[in-house]
Amino acid sequence: MFEYAPAPESRDIVDLRSSYGLFINGEFVEGSGASFKTVNPATEETLAEVATATSDDVDRAVQAARKAFGVWSALPGSERAKYLFRIARLIQERARELAVLESLDNGKPIRESRDVDLPLVAAHFFYYAGWADKLQYAGFGRRTADGQGGAKPLGVAGQVIPWNFPLLMLAWKIAPALACGNTVVLKPAETTPLTALLFAEICRQADLPPGVVNIVTGAGETGAAVVAHPDVNKVAFTGSTEVGRIIARSVAGTGKKLTLELGGKAANIVFDDAAIDQAVEGIVNGIFFNQGHVCCAGSRLLVQESIQEELLAALKRRLGTLRLGDPLDKNTDIGAINSAEQLAKIRQLSDLGESEGAERWSPACELPGKGFWFPPTLFTGVAQSHSIAREEIFGPVLSVLTFRTPAEAVEKANNTPYGLSAGVWTEKGSRILWMADRLRAGVVWANTFNKFDPASPFGGYKESGYGREGGLAGLEAYLDV
C-alpha cells in the first residue's frame, strides 16, 4: 500500500504586491472608489487589495481606448499580428507564474490551470494573431482594389468576464477584439482580478500601444458602467443569465453589438453500448472539472435504464479516488469553491434537492478546516421537475436521470431553459449524428466532454445567450460586417 505524498507547487514564482491599481492608457493608476480585498478561497487569506473603478475611472479608460483605436485600427493586420504573437509567447514564457496565480486567486487545482487553462490562453492569442492580416478572406466581404468595402473594426469593446476561468475568458475576449482592430476596456470578476492585472504587465512587456487594452477592476457597478458607457461600441459578457438579461435590456436600442455567453444545464447522455469506463471519465470531467464551476458542465447525467446500476457503481468507485484539497498540490483533483457566496448557493440547492426527494451521495471526504469546500456529490432518484435538474448549481453536484429510448433522451435533454452544451456516449456514429441534430445545444461532444479549441466556435441557445466565441464566428462578433 502506497502512502500519499503531497506534491506542492511553490508560490515563490509569483511576486504578489500588497495592492493593485487600475490599468488605463498603459499605466497602473489609482482607482477613485474604495479598494477591496481578493482572497485565496482555499485558505481565506487576503492576497492583495485591489482598486475599485468608478464611472469616472471607466470613462477615462474608454477615452484612452477611443484615442488608441485611431492608431491601432490603422495598423496593417500584419503589424497587429506581431503584437498578438508576442503576447502569446510571453504567456507561454510566464505560464507557470500565471498558473500559480490563477490557482491562488481562483481555487482551481494547479494541474488544471497549468495543463488546461494556460495552453488554451496562449493558443487563442496564437490563433487570432494568424487571422489579423487575413480578415478580408474570412468570408465577411472582401475589399476592393481601392480599399473600399470589407469588414471593419467596431471601435471600443467593453468586456465583462467571470471568475471561473479568469485568464481563459480574458483570452477569449481580448484576442479576437485586438486581431480585428478594436481596442478594449475589460472588467475582470471581483473575486479573481489578479491574473488580468498580470496580463496588463504582459501588455506592457509586449510594448502594446497605450490604451489598446485597459483593465478596470471592481464589482457589479464597475461592470455596469463599462456596459452603459455611450462610447462603447461592442459589449461582450460571460456570466449568469440574470445579469445577461439586465445587460441585454440596457443595450437595447443603443446600436451596440452584443454577445452573451450565459448559464447552462448540460446533459451528458450515456447509451447502453457506451464504453463504461470511458464514459465514467467523461462524466467526472464533465461535472467535477474546476469544481463544477463551468457554464457548460455536464450537470445532468442521462443514463439508459438498462445500465444504470452498472454505471452508477463504476461512477461511485471513481469518485472515491478523487482527491480534494490544496489547489497548489499537483495531486489535487477537486479544489476550493471560489467564494463563500458561491458555496452558500451550492449548499442551498443541494439541501433543496434532498428536501424534494432526491437521494444524495458523496464519497468519504475530509474537508479542510479553512476555506470554501464542497465534496463531489451526486443525486439519484431525480425527477425533471426537481430544482437540481433545472437550476444551474455551478458546483460539483451531479443529477442522475434515466431514459429508455433515444427519442426520450432527446426530450429530457432539451427540457431545460438552457442550451449551451451536451455530451453523447455511444459506439454508433449514426446515433451520435442523429442526437446532435436534435439536441438544442451550441456544442455537442461525442464520447468526450469539455474539449475546447480556439478554431471551434462556442456559444448557446435559449437562456444560454447568443453569439459565438472562438473560430471564425468569434471574429464576426468584433467586426462591422
Side-chain angles (χ1 to χ4, degrees), residues 116 120 123 261 263-290 292 294-315 318 378 380 382 384 389-390 392 398-474:
V116 179
L120 275 172
E261 197 259 279
K265 195 71 184 173
N268 220 346
I269 305 161
V270 183
F271 284 92
D272 58 7
D273 65 336
I276 295 291
D277 289 342
Q278 184 184 351
V280 165
E281 290 305 311
I283 294 161
V284 169
N285 182 40
I287 184 59
F288 301 117
F289 174 71
N290 199 33
V294 186
C295 47
C296 56
S299 53
R300 289 182 298 148
L301 172 59
L302 295 181
V303 55
Q304 199 151 16
E305 219 169 72
S306 58
I307 60 162
Q308 180 189 12
E309 286 187 19
E310 181 188 0
L311 183 73
L312 283 179
L315 181 57
R318 180 68 179 92
L378 63 86
T380 52
V382 178
Q384 292 187 83
R390 302 197 63 77
E392 184 180 38
L398 177 65
S399 299
V400 183
L401 301 95
T402 60
F403 68 91
R404 292 181 180 177
T405 66
E408 185 186 358
V410 168
E411 189 176 336
K412 285 187 171 180
N414 287 341
N415 184 21
T416 172
Y418 299 107
L420 195 54
S421 65
V424 180
W425 299 83
T426 175
E427 288 194 350
K428 294 184 175 67
S430 58
R431 181 184 283 161
I432 290 168
L433 295 172
W434 187 91
M435 292 288 293
D437 200 37
R438 288 159 178 78
L439 291 168
R440 292 294 287 166
V443 178
V444 179
W445 284 293
N447 294 323
T448 188
F449 209 91
N450 277 339
K451 292 289 184 187
F452 298 98
D453 188 284
S456 178
F458 182 86
Y461 294 99
K462 299 186 283 187
E463 291 187 15
S464 289
Y466 46 80
R468 294 292 181 267
E469 294 182 301
L472 273 174

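Residue indices begin at 1 and follow the sequence shown.
Here the side chains of Phe452 and Cys296 are in contact, with some heavy-atom distance below 4.5 Å. Side-chain contact between Val410 and Ile269: absent, with no pair of heavy atoms (C-beta onward) separated by less than 4.5 Å. A heavy-atom distance below 4.5 Å is not found between the side chains of Met435 and Val444. Between Val303 and Val400 there is a side-chain heavy-atom pair separated by less than 4.5 Å.
Between the CG atom of Asn415 and the CG atom of Leu401 there is a distance of 9.5 Å, given to the nearest 0.5 Å. Here the CG atom belonging to Leu311 is positioned 10.5 Å from the OG atom belonging to Ser306, to the nearest 0.5 angstrom. In this structure, CZ in Arg390 is found 8.5 Å from CZ in Arg300, a value given to the nearest 0.5 Å. The distance from the CG atom of Leu301 to the CD1 atom of Ile283 is 4.5 Å, given to the nearest 0.5 Å. Note that the OG atom of Ser421 and the NZ atom of Lys265 stand 11.5 Å from one another [nearest 0.5 Å]. The OG atom of Ser464 sits 8.0 Å away from the CD atom of Glu261 when rounded to the nearest 0.5 Å.
The two residues Val443 and Pro457 have their closest heavy-atom pair at CG2-O, 4.2 Å. Listed here is the closest heavy atom pair of Ile432 and Ala446: CG2-CB, 3.6 Å. Summarising the geometry of Phe271 relative to Ile307, their closest heavy-atom pair is O-CD1, 3.4 Å, with the distance given to 0.1 Å. Taking all atoms of both residues into account, the shortest heavy-atom contact from Gly423 to Phe449 is N-CE1, 3.6 Å. Among all heavy-atom pairs drawn from Gln304 and Asp272, the shortest one is OE1-N, 2.8 Å. Nearest heavy atoms, Ser399 versus Ala389: OG-N, 4.3 Å.
Both the sub-6.0 Å distance and the 45° axial angle are not jointly satisfied by Arg468 relative to the ring of Phe458.
The closest side-chain donor-acceptor pair between Thr426 and Arg431 falls under 3.5 angstrom.
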_Quick one, Arg318 with Glu281, criterion salt bridge (Lys or Arg N to Asp or Glu O under 4.0 Å). Give me CA distance, side-chain angles, the key distance, then yes/no._
CA-CA 8 Å; Arg318 180 68 179 92; Glu281 290 305 311; 2.7 Å; yes
*Please assess Val270 against Val424 for the test side chain to side chain contact (heavy atoms under 4.5 Å, CB included), listing each intermediate value before the final yes or no.*
CA-CA 6 Å; Val270 183; Val424 180; over 6 Å; no
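Proximity of a side-chain donor or acceptor of Lys462 to a complementary backbone N or O of Thr416 within less than 3.5 Å is detected. One N or O on the side chain of Asp453 and one on the backbone of Ala455 form a donor-acceptor pair closer than 3.5 Å. Without hydrogens or angle criteria, Lys412 side chain to Thr402 main chain gives a donor-acceptor distance under 3.5 Å. Not one N or O on the side chain of Arg440 forms a donor-acceptor pair closer than 3.5 Å with the backbone of Tyr461.
The local environment of CD in Glu408 is crowded, with over 12 non-hydrogen atoms from other residues, nucleotides or ligands closer than 6.0 Å.
None of Asn447, Asn268, Asp273, Thr448 except one satisfies the side-chain hydrogen bond (donor to acceptor under 3.5 Å, both in side chains) rule with Trp425; the exception is Asn268.
A salt bridge links Glu305 and Arg404; the closest N-O separation between the charged side-chain nitrogens and carboxylate oxygens is under 4.0 Å.
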